Amino acid sequence: MLCENITVNGNRLYFAGVDTVKMAEKYGTPLFLMDENRIREKCRIYIDAMKKHFGKDSFPLFASKALCFKRIYEIMKEEKMGIDLVSSGEIYTAAKAGFGMEKSFFHGNNKTDADIAYAMENGVGYFVADSIYELSAVDRIAEEKGIRQKMILRLTPGIDPHTYAAVATGKVDSKFGVAIETGQAELFLKEALTFENLDIRGYHCHVGSQVFDEDGDVYLEASTIMLHFAKKMEETYGFKAEILNMGGGFGVRYTESDPYLDIEKAIESLSKHIKATVAELGMTMPKVIMEPGRSIVADAGMTLYSVGTLKEITGYKNYVSIDGGMTDNPRFALYGSKYTLLLANRMDEECDFECDVVGRCCESGDIIQPEVKLPKPVRGDIVAVCTTGAYNFSMASNYNRIPRPAVVMLADGEDYLAVRRETFADIAERDV
Ligand code: LLP
């Protein structure tokens with residue numbers, strides 16, 4: 001199976017040891033299921049590996065953008081994770097969950113004055129400055145608030161991972177960060193050091209998302225470039241970077257043909273490389289931070305749908321329509337992402353019916369996955385889409401005024417609601 005939390009019992013699909021068909025009956029469809037134990041296990045893998053290989057001050061941040069609701073922050077707090085935040089909405093949600101903000105990093109290429117003030121009021125630990133323009137705004141608001149804001153600078157090391165274009169963010173021409181190659185990163189640091197209310201602590205880079213070892217050692221390469229830059233800045237301006245945040249991006253398995261990435265091993269090889277480079281350059285070892293999102297929650301998630309109609313176009317193709325779609329999973333529509341689909345109530349039958357599994361939106365591009373093989377579905381069957389824990393719930397929309405699904409957590413064989421299903425009234429609530 002794709003992941004060890006997916007099992008079969010008779011004709012039934014089980015997820016995290018729970019009968020998925022029972023969950024569909026109990027909570028309705030479409031439905032997001034989240035395997036809480038798996039999330040915790042992944043947090044621990046990162047925490048332990050980073051401590052072991054980088055040292056006790058090193059820690060991971062959960063990239064909230066991958067999955068954001070109150071319960072997630074409670075789990076992150078219990079697991080002693082830090083968090084990466086990209087909006088005031090994420091800050092609001094984390095604060096509501098009682099997440100202590102010292103270990104939070106606030107990203108974003110366009111933080112408004114209101115965002116900056118809100119983050120400071122909530123005690124966000126670090127700002128990740130994305131551009132030279134941000135510096136003066138943060139400095140001004142920090143002065144108003146009488147604080148010295150800790151900050152790291154987001155740089156683009158000019159690395160091109162072989163992932164899909166929409167998520168390759170470490171390239172020189174990215175909308176994020178400041179390029180090292182063009183000399184602008186140096187000016188960025190030089191300028192940052194002139195502000196009295198900014199406490200510059202180090203650097204950040206993020207090469208991209210859904211990146212595997214097989215893509216070449218992009219993290220190693222990026223860290224080499226970052227450390228050489230840091231060394232040069234040390235020599236030129238006497239600035240010693242205390243923090244090196246290497247971003248997120250480790251890939252996960254969406255299909256059986258995707259490679260398996262061993263997180264601990266990847267961290268170990270990155271740490272060996274960073275330690276060797278630091279030694280070679282005669283620098284002090286920085287506190288290394290990473291920001292995984294997808295690899296923490298993706299395979300802890302599964303979406304359940306009910307089959308509605310079947311359309312067989314003789315001599316052409318077959319469509320199976322389900323009761324969700326691009327409103328709860330826009331990833332095929334946006335990136336052509338691959339997924340594994342299963343017929344949760346007929347797991348013992350042969351998958352001999354090829355079809356496109358499509359959503360219910362008024363849009364031809366509303367496809368969950370084309371060319372899927374399933375037992376020929378009938379109305380009421382339950383389709384499960386695996387590996388939907390990252391960037392599905394968080395990217396869900398109300399297109400066609402479709403309510404967003406509920407999120408049910410599964411832990412130790414028990415189930416509980418983390419986010420209730422949206423209602424029509426919720427959707428229309430703000431209409432005046
Ligand atoms: N740090 C930064 C600065 C990022 O931009 C991202 C992801 C992460 C960390 C977490 O990366 P992860 O470990 O999750 O790969 N919506 C797209 C993914 C966008 C990723 C954006 N940045 C998708 O559905 O594939």
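Indexing begins at 1, ligand by ligand and atom by atom, following the structure's order. What you see is a predicted model; the values in this text were computed from it and never measured.
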Original post:
Who passes side chain to side chain contact (heavy atoms under 4.5 Å, CB included) against K373, sequence neighbours left out?
Top reply: C351, E354
Subject >> Any N/O pair H204/ligand 1 closer than 3.5 Å >> reply: no
Original post:
What do you reckon, does R154 have a nitrogen or oxygen under 3.5 Å from a nitrogen or oxygen of ligand 1?
Top reply: no
**OP:** Might you work through the salt bridge (Lys or Arg N to Asp or Glu O under 4.0 Å) test for R420 and D426, ending with a clear yes or no?
**Re:** CA-CA 11 Å; R420 70 160 169 79; D426 289 332; 2.6 Å; yes
Original post:
Is it the side chain (CB and beyond), the backbone, both or neither of Y335 that lies under 4.0 Å from ligand 1, heavy atoms counted?
Top reply: side chain
Original post:
Of all the atoms in ligand 1, which lie at a distance below 4.0 Å from a heavy atom belonging to E291?
Top reply: 1 (N), 2 (C), 3 (C), 8 (C), 9 (C), 10 (C), 13 (O)
Original post:
So, for Y203 and F229, is the gap between ring centers shorter than 6.0 Å?
Top reply: yes
**OP:** Step through it carefully: locate the ring centre of F69, locate the ring centre of F393, and say whether they are under 6.0 Å apart.
**Re:** yes
**OP:** Report, as yes or no, whether the 6.0 Å neighbourhood of atom OH on Y399 holds more than 12 heavy atoms from other residues, nucleotides or ligands.
**Re:** yes
**OP:** Ignoring angles and geometry beyond distance, decide whether S295 reaches within less than 3.5 Å of ligand 1 through its nitrogen or oxygen atoms.
**Re:** no
**OP:** Under 4.0 Å from a heavy atom of M395: give me the atoms of ligand 1 that qualify, with their elements.
**Re:** 16 (N), 24 (O)
Original post:
Is the shortest distance from a heavy atom of A66 to ligand 1 less than 4.0 Å?
Top reply: no
**OP:** Check the side chains of N392 and R331 for a donor-acceptor pair under 3.5 angstrom, ignoring hydrogens and angles.
**Re:** no
**OP:** Show which atoms of ligand 1 fall inside a sub-4.0 Å distance from at least one heavy-atom site of P292.
**Re:** 13 (O)
**OP:** Would you please say whether a donor-acceptor pair under 3.5 Å links the side chains of D299 and T387?
**Re:** no
Original post:
For the ring pair H206 and H107, is the centre-to-centre distance below 6.0 Å?
Top reply: no
**OP:** Between A298, G249, A390, flag the one that comes closest to atom 12 (P) of ligand 1 by a heavy atom.
**Re:** G249
**OP:** Would you please indicate yes or no on a ring centroid separation below 6.0 angstrom for Y219 and F250?
**Re:** yes
Subject >> Region of H206 engaging ligand 1 - heavy atom pairs below 4.0 Å >> reply: side chain
Original post:
Do any nitrogen or oxygen atoms of H107 lie less than 3.5 angstrom from nitrogen or oxygen atoms of ligand 1?
Top reply: no
Original post:
Looking at G248, which atoms of ligand 1 are within less than 4.0 Å of one of its heavy atoms?
Top reply: 1 (N), 9 (C), 13 (O)
**OP:** Considering the heavy atoms of R331, write down every atom of ligand 1 situated less than 4.0 Å from one of them.
**Re:** 23 (C), 24 (O), 25 (O)
Subject >> Region of V128 engaging ligand 1 - heavy atom pairs below 4.0 Å >> reply: neither
